[in-house]
Amino acid sequence: MQTTPHDAPSLRARRTLPAVLTAVLVACLLSLTGHSPARAAAGDGSVSDPNIVYVGRWDTGSGTAAVPGWTGAYLQTAFTGTTVKVKARDAVNLYVSIDGGPDVFHAGVRGTVNLTPRPLSPGTHTLRISYRSGDTVFQGLVLDAGARTVAPNMPSRLVEFVGDSITAGALTDRLALDSYAWKTGEQLGMRHTQIARSGYCLVAQSGCTGLSTQFFKAASTGGQGWDFSRYRADAVVINLGTNDIGHGVSSAQFRSAYTKFLSDLRATYPNAHLFAVQTLKKRYVTETKAAVGARNAAGDARVHYVDTTGWLTDGTDYEDGNGHPNEAGHTKFANRLAPVLGARLGTPASARAAAPGQPGDPNIKFVGRWDTQSSPTAYTPYWAGAYYRVGFTGRTVQLKQRGTIDFWARIDDGPVKFYDDVKGTVNLTPTALAAGRHTLQVNYQVVAGSYRGDAVFQGLVLDSGATTFAPPAPGKLIEFVGDSITVGTTTSQNARTAYGWLIGERLGTEHTQIAQGGACLVAAADGCVGLEQQFTKLNPNAPTPGWDFSRYKADAVVINLGTNDVGHGVSTTQFQAAYSSLLRKVRAAYPQAWIFALETFRGRFVPQTEAAVRAAVAGGDARVSFVDTTGWLGSGDLTDSVHPNDRGHRVIADRLAPVIAARIGT
């Protein structure tokens, strides 16, 4: 479980001026406890600005530099104006989320780093910064002239995760941000910390730092104690023991140390719930249970054992054979752990079910791959053809949009209406509806190429006293995987007038378009996005996070890839191997789905596509079909030599819909 650790910087807050001895002593004491000797004016963006909230164990003693001592620490604030910059002392890798949007990676930046190369709309915005690696030192913010920071709206409760490289997110692309710990905290709507480091044990041994003692320190290395008055955890999750076995820790040593650690945690956090997690590799299970039992027998009813048996699957949910989950594995872990913690912690007002019409409202059905985890107030789709559907009462409905976007909306069974370059609160019912129950469906313009609209759902505005309800939902779903043809590029309504959307509507199924303009099957050296790799991702243009395939199950998957690979130097051997790999990934994701491999409409890589299908069938997968599309489209069905026009997509739907229906029984 050893990975290369990053040493935390040492505490630097020292005074050297010998003017007044008492002042020096006071300043040093304040520095050692992590407090600044003076507070900056609220709103100036400096390190000691009280409107900047530091989550985790930060050394802020110098007043000019804030240094996190453990992984997964972050800072949060709000600010006015249209731009924001962060000051970095030296080269660092960091993630930035503005207004609840996706975490944007800034690699190897230093100095004054512009976080808004594209200015924001005027107003108040939120900001979260977390650090990945490098010189993790925050030196303040630079705001617009006349702008200021604003105290952010922060969750009142905090969960602390204690562990080794697994809790730190080792071997994932985003490390701490991909860890189950970060994901669980976000799901629970709580502040979260990761007191974790690669290679650490529970019991201190030669060559292995013991978290049963280092937990109480300000940083992952060093002996300076942490000032626990800085925050109080409402829950502590312990995932330790994976590394101890490799350092000769005996059963008796482990049990004794775990029991004492739980006792010490209780002294530190008198009211917290403590969760002892069974390690994924099932090490020291009996001893962990015994430690929990000892605390329960001593009258501590807020200590709980968490059985993780069956949570993750070997071969699919791990990066390696040493127990490190991949991004999908961490997501699964969080999806299982969050309800366990939530059941014990109860639901505070800030984390209760979302109000009707808001993100998180269970009556809103989000179809396709939506990011519903990065922000509780802003949901984002990353692939073509995602949409949402909801029922509502009352006579009017408005849509809250963060930034400018094009979208289509349909109320009840009425016509589809296009909204061009709108933002803010958009009135979808300028003429009030009849009183009663109505349905709404909305999908966004595909964000790709030169079009960079802000496809972010921030909620609905309903009439006073109105509510939402779950609309009738089809029982089956079809997923269409492809490039610009599957996106619907050059058609009148993009994804809505593409063959995938048309087929789903015709067959009465849910439908998704896991497609991107310009995509290849094979990731090419010249930058062509390869869907053989990106099929498993939430975002086609980011390496992480992985998509959680438990969110929905497709009954059919249609693959239409190969048109672009020819122009990117992909060989026939590469193509066939990648196609076979994609078929395996689809099958792993959807064990019961029927998979349709389409001959591309330009007839490219046809023998290789057929060969990949034959190999899958010969390997025992009888639910894979090759679809011969020869002669489906004529010259009048194309906008250019490649892309079907509206009529061409209807022709494809006419030919392909019966093929799919015959297999899945719609």
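- Rounded to the nearest 0.5 Å, atoms OH (Tyr419) and CH2 (Trp408) are 13.0 Å apart.
- Panel note: side chain Asp371, backbone Tyr379; no donor-acceptor pair is recorded below 3.5 Å.
- At a threshold of 4.5 Å between non-hydrogen side-chain atoms, the residues Ile478 and Asp555 do not count as touching.
- Each of Val426, Leu399, Ile364 was evaluated against Val442; a single residue qualifies, Leu399, per the side-chain contact (heavy atoms from CB on, under 4.5 Å) test.
- Side-chain contact between Asp454 and Lys423 is absent, with no heavy atoms from C-beta onward closer than 4.5 Å.
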For this session: List the steps and the verdict of side-chain contact (heavy atoms from CB on, under 4.5 Å) for Thr184 and His192.
Result: CA-CA 9 Å; Thr184 300; His192 43 85; over 6 Å; no
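- Between Val456 and Ala378, the closest heavy-atom pair is CG1-CB, 3.4 Å.
- A donor atom on one side chain and an acceptor atom on the other are found under 3.5 Å apart for Gln516 and Asn541.
- With respect to Asn335, the side chain to side chain donor-acceptor pair (under 3.5 Å) criterion is satisfied by exactly one of Gln187, Arg551, His330: Gln187.
- Smallest separation of non-hydrogen atoms from Leu521 and Tyr579: CD2-N, 3.5 Å.
- Within the model, atoms CG of Leu440 and CD1 of Ile411 stand 6.0 Å from one another, a figure rounded to the nearest 0.5 Å.
- Put simply, the side chain of Pro325 reaches to within 4.5 Å of the side chain of Leu280, judged on heavy atoms.
- Listed for the Asn645 side chain is a donor-acceptor partner under 3.5 Å among the backbone atoms of Gly636.
- Within the structure, ring-ring contact (aromatic ring centres under 6.0 Å, His included) contacts touching residues 628-666 (residues at least two apart or in different chains) are Tyr499-His649.
- If you take OG1 on Thr309 and NZ on Lys282, they are separated by 4.0 Å, rounding to the nearest 0.5 Å.
- Between the side chain of Arg587 and the backbone N or O of Arg623 there is at least one donor-acceptor pair closer than 3.5 Å.
- No salt bridge links Arg496 with Glu505; every basic N to acidic carboxylate O contact stays at or beyond 4.0 Å.
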Exercise. Does the pair Asp103 and Arg128 meet the rule for a salt bridge (charged side-chain N to carboxylate O under 4.0 Å, His left out), with working shown?
Worked result: CA-CA 9 Å; Asp103 290 280; Arg128 183 179 70 192; 3.1 Å; yes
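- In Lys476, the NZ atom is crowded: over 12 heavy atoms of neighbouring residues, nucleotides or ligands sit closer than 6.0 Å.
- A salt bridge links Arg506 to Asp654: one of the charged nitrogens lies within less than 4.0 Å of a carboxylate oxygen.
- Between the side chains of Glu510 and Tyr552, not a single donor N or O lies within less than 3.5 Å of an accepting N or O.
- Interatomic distance, CG of Asp463 versus OG1 of Thr396, reported as 3.5 Å (0.5 Å rounding).
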For this session: For side-chain contact (heavy atoms from CB on, under 4.5 Å), just list the numbers for Arg395 and His438, CA-CA rounded to whole Å, side-chain angles, deciding distance to a tenth of an Å, and then say yes or no.
Result: CA-CA 9 Å; Arg395 303 186 65 203; His438 302 279; 6.0 Å; no
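- For the residue pair Gly500 and His511, the shortest heavy atom distance occurs at O-CB, 4.2 Å.
- Residues Arg369 and Gln534 share a closest heavy-atom pair of NH1-O, 4.5 Å.
- Contact annotation: the side chain of Leu462 approaches that of Val397 to within less than 4.5 Å [non-hydrogen atoms, C-beta and beyond].
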For this session: Using the side-chain contact (heavy atoms from CB on, under 4.5 Å) rule, take Phe601 and Ile485 through it: C-alpha gap first, then chi angles, then the decisive distance, then the call.
Result: CA-CA 9 Å; Phe601 299 116; Ile485 294 173; 4.1 Å; yes
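- Contact annotation: the side chain of Gln513 approaches that of Trp501 to within less than 4.5 Å [non-hydrogen atoms, C-beta and beyond].
- Side chain of Asn564 to main chain of Ala519: a donor-acceptor pair is present (N/O by atom type, distance under 3.5 Å, no hydrogens or angles).
- For Arg663 and Phe596, the positive end is not near the middle of the six-membered ring at less than 6.0 Å and at most 45° from its axis.
- Inter-residue side-chain proximity for Thr563 and Asp565 is flagged as unmet; no heavy-atom pair is nearer than 4.5 Å.
- For the pair Ser580 (side chain) and Gln576 (backbone), a donor-acceptor distance under 3.5 Å is present.
- Across Val481, Ile660, Ile595, a single residue satisfies side-chain contact (heavy atoms from CB on, under 4.5 Å) together with Val558, and that is Ile660.
- Interatomic distance, Gln458 CD to Arg402 CZ, rounded to the nearest 0.5 Å: 6.0 Å.
- The aromatic ring centres of Phe480 and Trp383 sit 6.0 Å or more apart.
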For this session: Determine, stepwise, if the pair Lys400 / Val461 fulfils side-chain contact (heavy atoms from CB on, under 4.5 Å).
Result: CA-CA 7 Å; Lys400 293 188 290 185; Val461 178; 3.9 Å; yes
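- Distance check, rounded to the nearest 0.5 Å: OG1 of Thr609 to CZ of Arg614 gives 10.5 Å.
- Looking at heavy atoms from C-beta onward, Thr331 lies out of side-chain contact with Trp547 at the 4.5 angstrom threshold.
- Here Phe535 and Phe549 bring their ring centres to under 6.0 angstrom of each other.
- Here the side chain of Arg410 pairs a donor or acceptor atom with the backbone of Gly414 at under 3.5 angstrom.
- Within the 3.5 Å criterion, the main-chain N or O of Ala181 finds a donor-acceptor partner in the side chain of Ser179.
- Using a 4.5 Å heavy-atom cutoff, the side chains of Asn560 and Thr600 are in contact.
- No donor-acceptor pair closer than 3.5 Å links the side chain of Asp406 to the backbone N or O of Gly453.
- Considering all non-hydrogen atoms of both residues, Glu532 and Ala578 come closest at CG-O, 3.3 Å.
- No donor-acceptor contact under 3.5 angstrom links the side chains of Thr489 and Ser484, judged on distance only.
- In this structure a side-chain-to-backbone donor-acceptor pair under 3.5 Å is missing from Thr172 to Glu327.
- A salt bridge is absent between Arg584 and Asp621: the closest approach of a Lys/Arg side-chain nitrogen to an acidic carboxylate oxygen does not fall below 4.0 angstrom.
- Nearest heavy atoms, Gln445 versus Ile405: O-CD1, 4.4 Å.
- For Phe457 and Phe366, the ring centers are positioned less than 6.0 Å apart.
- Using modelled atom types, no side-chain atom of Asp483 and backbone atom of Gly517 make a donor-acceptor pair closer than 3.5 Å.
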